[in-house]
S.K.: 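Sharing a structure here in C-alpha cells format.
Positions are given from 1 along the sequence.
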Amino acid sequence: GIYVNTAGIGEKLDGFDLSCAAIAEGDCVVASGPIGDHGMAIMCARENIRIRSGLASDSAPVHRLVEALTGVAGGIRFMRDPTRGGVAAVLNEIVEGRAFGIEMDEQAIPVSVGTRAGCEMLGMDPLHLACEGRLLAVCASDCVDAALAAWRALPEGEQATKIGEATGLAGRVALRTVTGGRRLVAMPRGELLPRIC
C-alpha cells in the first residue's frame, strides 16, 4: 500500500484572512516574478536542451514574499505558489464555481527570455509550467501598489507585477492577447509536463 503523511510547522501571521470567497470584481492578480522557469528548466535538463540565455529553475522559499505583505494583509484575498499546473491551474481553481472570473494581460505577464525561447521551440504555454519560487496573490485594487512595492524591495520579488484582475466573467480565466483579442485559458489536462513530483 501507499502511505502519505504531510505536516506543516509554523505560526499564523496576524492580519491575513485568505479565502477565494473574498475575491470581488476589480481585485488585482499579482505575480512575484517571471513564471514557468522551473518547469522549463527541468524539461530542458531531462531532454538535454541547451538554451544560451542561461535558463535556471526559480526554485526558492516564498516565506519572505508572504511576510513582506503583512503591511497590507487586510487587502490580500488569496495567495498561492503556482506549482503543478502553473498559473493556469491556480487561477482556474480560484474561479471554479465563483461569480467572478479573471482576465490576464499577456503583455504584463513576466516570462524570462530562456523560458519564452523554450516554449516557442517546444510549443508550450508558460502559463501551464510549474513555478517553485514564485507567489501569486489576489489583492484589493487600493493596495496593489503597496503590495508590489513590498515585493520589489526583495531580490526574489524585484520583477513583481500586476498580471490581471477579477472580472464579471463568472468561472472563467481569460487572456487579453498582444493582438488585442481574448482567449480562454483552460485548466491543464492530461499528463502535466514535466512530471516533477
Side-chain angles (χ1 to χ4, degrees), residues 10-41 53-83 86-95 98 100-116 126-127 129-168 173-178 185:
E11 296 179 4
K12 183 181 183 302
L13 294 175
D14 292 334
F16 289 102
D17 185 16
L18 306 178
S19 170
C20 290
I23 299 172
E25 191 170 344
D27 287 346
C28 300
V29 181
V30 292
S32 65
I35 65 167
D37 286 348
H38 183 71
M40 185 53 64
S53 64
L55 179 63
S57 169
D58 57 30
S59 185
V62 297
H63 67 283
R64 291 189 348 137
L65 292 166
V66 173
E67 290 171 345
L69 297 181
T70 55
V72 290
I76 305 298
R77 317 287 198 218
F78 177 90
M79 281 188 288
R80 187 162 151 208
D81 55 336
T83 52
V87 172
V90 171
L91 296 185
N92 272 284
E93 288 169 3
I94 289 173
V95 303
R98 305 285 178 187
F100 62 86
I102 291 176
E103 182 173 284
M104 292 180 286
D105 179 357
E106 186 176 27
Q107 289 183 295
I109 298 170
V111 181
S112 69
V113 173
T115 294
R116 191 175 301 282
L127 292 170
L129 294 175
C131 307
E132 293 289 343
R134 303 293 181 226
L135 199 61
L136 290 182
V138 181
C139 61
S141 59
D142 61 0
C143 75
V144 67
D145 290 338
L148 289 174
W151 275 357
R152 289 172 183 163
L154 300 171
E156 60 267 44
E158 63 184 2
Q159 295 183 63
T161 189
K162 174 186 166 185
I163 64 170
E165 61 184 42
T167 70
V173 178
L175 182 72
R176 192 166 58 252
T177 68
V178 294
V185 177

S.K.: Below 4.5 Å, heavy atoms only, C-beta onward: do L129 and H38 meet side chain to side chain?
M.R.: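 A side-chain contact under 4.5 Å is absent here.
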S.K.: Considering only heavy atoms from C-beta outward, does the side chain of D58 approach that of P34 to under 4.5 Å?
M.R.: no
S.K.: How many angstroms lie between SG in C139 and CG in L148, if you round to the nearest 0.5 Å?
M.R.: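 C139 SG to L148 CG: 7.0 Å, rounded to 0.5 Å.
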S.K.: Using side-chain heavy atoms (C-beta onward) and a distance below 4.5 Å, is V29 in contact with I102?
M.R.: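 They are in contact (side-chain heavy atoms under 4.5 Å apart), so the answer is yes.
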S.K.: Begin from the C-alpha positions of M79 and L18 and carry the test side-chain contact (heavy atoms from CB on, under 4.5 Å) through to its verdict.
M.R.: CA-CA 7 Å; M79 281 188 288; L18 306 178; 3.8 Å; yes
S.K.: Is the shortest side-chain heavy-atom distance between D37 and R134 below 4.5 Å?
M.R.: yes
S.K.: Within the distance-only criterion (no hydrogens, no angle test), does the side chain of E106 pair as donor or acceptor with the backbone N or O of V178 below 3.5 angstrom?
M.R.: yes
S.K.: After noting the C-alpha distance and the side-chain angles of I94 and R80, does the key distance pass the side-chain contact (heavy atoms from CB on, under 4.5 Å) rule?
M.R.: CA-CA 10 Å; I94 289 173; R80 187 162 151 208; over 6 Å; no
S.K.: Counting C-beta onward and ignoring hydrogens, is there a side-chain heavy-atom pair between F100 and D27 closer than 4.5 Å?
M.R.: no
S.K.: With sequence neighbours excluded, tell me which residues meet side chain to side chain contact (heavy atoms under 4.5 Å, CB included) with L154.
M.R.: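 For L154, the residues satisfying side chain to side chain contact (heavy atoms under 4.5 Å, CB included) (neighbours in sequence not counted) are R64, L65, A68, E156.
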S.K.: Passes side-chain contact (heavy atoms from CB on, under 4.5 Å), L127 versus I109? Steps please.
M.R.: CA-CA 9 Å; L127 292 170; I109 298 170; 3.9 Å; yes
S.K.: Drop me the distance from M104's CE to E165's CD, to the nearest 0.5 angstrom.
M.R.: 12.5 Å
S.K.: If every non-hydrogen atom of R116 is compared with every non-hydrogen atom of V111, which pair is closest and at what distance?
M.R.: NH2-CB, 3.3 Å
S.K.: Are the side chains of I23 and R98 in contact, using a 4.5 Å heavy-atom criterion?
M.R.: no
S.K.: Could you go through the side-chain contact (heavy atoms from CB on, under 4.5 Å) check for L91 and V185 one step at a time?
M.R.: CA-CA 9 Å; L91 296 185; V185 177; over 6 Å; no
S.K.: Within this structure, what is the CD-OG distance for the pair E132 and S57, rounded to the nearest 0.5 Å?
M.R.: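 Atom-to-atom, E132:CD and S57:OG are 7.0 Å apart.
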S.K.: Just so I know, are the side chains of F78 and L136 near enough to count as touching, which here means a heavy-atom distance under 4.5 Å?
M.R.: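 Contact flag for F78/L136 side chains = no.
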